[in-house]
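These notes are about the structure you will find just below.
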Amino acid sequence: MIMSRIEAHSSEDTGTIGDLVDLLLGGLPAEAVLTDSDVTASYANDMASFCPAGTPAVVVLPRTTEQVQHVMRTATALRVPVVPQGARTGLSGAANASDGCIVLSLTKMDRILEINPVDRIAVVEPGVINAALSRAVGEHGLYYPPDPSSWEMCTIGGNIGTASGGLCCVKYGVTAEYVLGLDVVLADGRLMSTGRRTAKGVAGYDLTRLFVGSEGSLGIVVRAVLGLRPKPPEQLVLAAEFSSAAAACDAVCRVMEGGHVPSLLELMDRTTVKAVNNLAQMGLPESTEALLLAAFDTTAPAADLAAVGALCEAAGATQVVPADDVAESELLLQARRLSLTALEAVKGVTMIDDVCVPRSRLAEMLEGVDRIAEKYQLTIGVVAHAGDGNTHPTVCFDAADPDESRRARESFDEIMALGLELGGTITGEHGVGVLKKEWLAREIGPVGLEMQRAVKQAFDPLGILNPGKLF
């Protein structure tokens, strides 16, 4: 319905691209408005496979809240769709352009406005790079935990839009738990503030949480108040090798049931281990069926690692290697950091899923992915944030081979179906975007879908904000 309302407007209703550009230039500097088709085409999509993208009419790069408001007022007046973007490192097509849209790139709004060690907050613009914020607050003895694997490139605004996670989620949680307040430009250009700067606050509906994970479909985040933590000690890492994925998953269950709180608990299956070996010659044993990495950033990490090592051995680990220092820990983590790059090298293209299941069903998830890989005759490696059940089955395929591409897409759908069967969710941290629209409807059901569309209608009655995403 929302898309049909936009498409119903003819060029006569919306005016020409020239009219649009002229109106945008009324409140934006010339260098902030990009119209060259070769340039605008480079903003058409994020990093997801199998997600269609349209041709934007114009790309704008505002630097101030007032400029964002001007863009939205112009879009509302002309009934032009707007697609918000950050660094376009997303994996669901949520930042993909639609035909004739304004791409609203927020990468120039990249200031850290405040770091407050007493209140333990940072106030930032949406274009701030995750790693830059982490380093800046670290100079004050503070810590911003959410750390997506693309943290050196991805923006805070993009992290908020997709409710990003990362390696440390098992202990520290995801982006949503650190967003205290937002300034949001609504579809009609009005500015709204949500949330708080205080440690506690329950005034009214939690609109802040509503915007986190909304993929730019409800409003444009132009400022965020983020919660911080005291900077923890450097973590120490343990690597445990297993002769089966089931044994490694059993170890994960034992660690969590035992009340341990690792700062990281990651799993790599045999396909991923082999790919990393092939790429980097790391010398990981070829007999390894699963590699489990655990880390602690406590005051006595060696004792914690010893306890977890014993649990791994009880679960059947063939070798347990605890690091003696931070440098050795970094070496152990190198394999995990290379996982996705190594899997991409297998065929040149990957399709990365992020199905999340209850920890107790993790072994069934990995076994099911193995069956799906065999059924479709594909290489599918799994890396997982095992401590929170968030798996990343990664389908490797040749995009130039139509049959293999078809099998890749079908296997991807079967993996999502498996996740739902195991009581999980279709996305733990990547979002829905274009890629998983059909599966969102299956997960939340018709009543849930109706209510979500009603929320969208309340915030964006013309349907101009990131149309075609989510549902």
Side-chain angles (χ1 to χ4, degrees), residues 42 44-53 86-96 130-131 147-154 158 162 164-167 245 266-284 286 288 290-291 293 332-355 366 369-370 372-374 376-386 390-416 427-431 433-436:
S42 69
N45 54 272
D46 63 17
M47 298 178 70
S49 301
F50 294 112
C51 292
R88 293 180 290 114
T89 57
L91 293 165
S92 69
N96 283 13
N130 185 296
D147 62 342
S149 58
S150 58
W151 78 308
E152 291 283 4
M153 300 179 288
C154 65
T162 57
S164 297
L167 301 184
E266 298 286 304
L267 185 148
M268 299 163 57
D269 74 347
R270 65 174 180 275
T271 302
T272 307
V273 169
K274 181 179 178 181
V276 170
N277 265 345
N278 289 342
L279 178 71
Q281 291 79 49
M282 292 193 69
L284 300 173
E286 291 293 335
T288 298
L291 183 68
L293 298 170
L332 291 176
L333 286 178
Q334 186 180 1
R336 171 61 182 88
R337 293 197 177 107
L338 286 173
S339 294
L340 296 181
T341 302
L343 287 168
E344 191 172 77
V346 172
K347 286 278 187 157
V349 178
T350 57
M351 194 173 188
I352 305 170
D353 211 331
D354 75 316
V355 172
L366 267 68
V369 171
D370 264 352
I372 292 167
E374 184 177 353
Y376 288 97
Q377 292 298 292
L378 291 167
T379 298
I380 305 178
V382 180
V383 291
H385 308 312
N390 195 172
T391 68
H392 292 303
T394 304
V395 183
C396 308
F397 65 101
D398 180 358
D401 183 334
D403 182 65
E404 194 162 298
S405 295
R406 174 191 59 79
R407 286 184 280 126
R409 182 62 209 235
E410 290 178 6
S411 71
F412 186 86
D413 285 343
E414 284 207 22
I415 290 167
M416 284 190 284
T427 176
E429 56 189 7
H430 292 172
V434 176
L435 189 61
K436 299 185 177 183

Open item on the list: Could you check whether atom CD of Glu374 has more than 12 heavy atoms from other residues, nucleotides or ligands sitting under 6.0 Å from it?
Closed with: no
For residues [X] and [Y], report the shortest heavy-atom separation together with the two atoms involved.
| X | Y | result |
| --- | --- | --- |
| Ala399 | Ser405 | O-OG, 3.5 Å |
| Ala48 | Gly93 | CB-N, 3.4 Å |
| Val276 | Ala335 | CG2-O, 3.7 Å |
| Val434 | Pro52 | CG1-CD, 3.7 Å |
| Ala44 | Ala53 | O-CB, 3.3 Å |

Does [X] use its side chain to pair, donor to acceptor, with the backbone of [Y] at less than 3.5 Å?
| X | Y | result |
| --- | --- | --- |
| Thr350 | Glu344 | no |
| Ser92 | Gly90 | no |
| Thr427 | His430 | yes |
| Asn130 | Cys154 | no |

[X] side, atom [atom1]; [Y] side, atom [atom2] - distance, nearest 0.5 Å:
| X | Y | atom1 | atom2 | value |
| --- | --- | --- | --- | --- |
| Asn96 | Arg88 | CG | CZ | 9.5 Å |
| Leu293 | Gln334 | CG | CD | 12.0 Å |
| Ser411 | Gln377 | OG | CD | 12.0 Å |
| Leu267 | His392 | CG | NE2 | 12.0 Å |
| Arg337 | Leu332 | CZ | CG | 10.5 Å |
| Ser149 | Arg336 | OG | CZ | 7.0 Å |

Validation row: [X], [Y] side chains within 4.5 angstrom (heavy atoms):
| X | Y | result |
| --- | --- | --- |
| Phe397 | Met351 | yes |
| Asp46 | Leu91 | no |
| Cys51 | Asn45 | no |
| Phe412 | Pro393 | no |
| Ile415 | Thr391 | no |
| Leu167 | His385 | yes |
| Met268 | Leu338 | no |
| Leu343 | Thr272 | yes |

| Evaluation steps, side chain to side chain contact (heavy atoms under 4.5 Å, CB included), between Asp354 and Asn390 | CA-CA 6 Å; Asp354 75 316; Asn390 195 172; 4.0 Å; yes
**Prompt:** Taking it one step at a time, do Glu266 and Val383 satisfy side chain to side chain contact (heavy atoms under 4.5 Å, CB included)?
**Reply:** CA-CA 7 Å; Glu266 298 286 304; Val383 291; 5.8 Å; no
Item to complete: Check the pair Leu378, Glu410 against side chain to side chain contact (heavy atoms under 4.5 Å, CB included), reporting the backbone distance first and the verdict last.
Response: CA-CA 11 Å; Leu378 291 167; Glu410 290 178 6; over 6 Å; no
| Verdict with supporting geometry, Arg409 and Leu435, side chain to side chain contact (heavy atoms under 4.5 Å, CB included) | CA-CA 10 Å; Arg409 182 62 209 235; Leu435 189 61; 3.7 Å; yes
Taking NZ, NE, NH1 and NH2 as the nitrogens, is one of them in Lys436 or Asp353 under 4.0 Å from a carboxylate oxygen of the other? yes
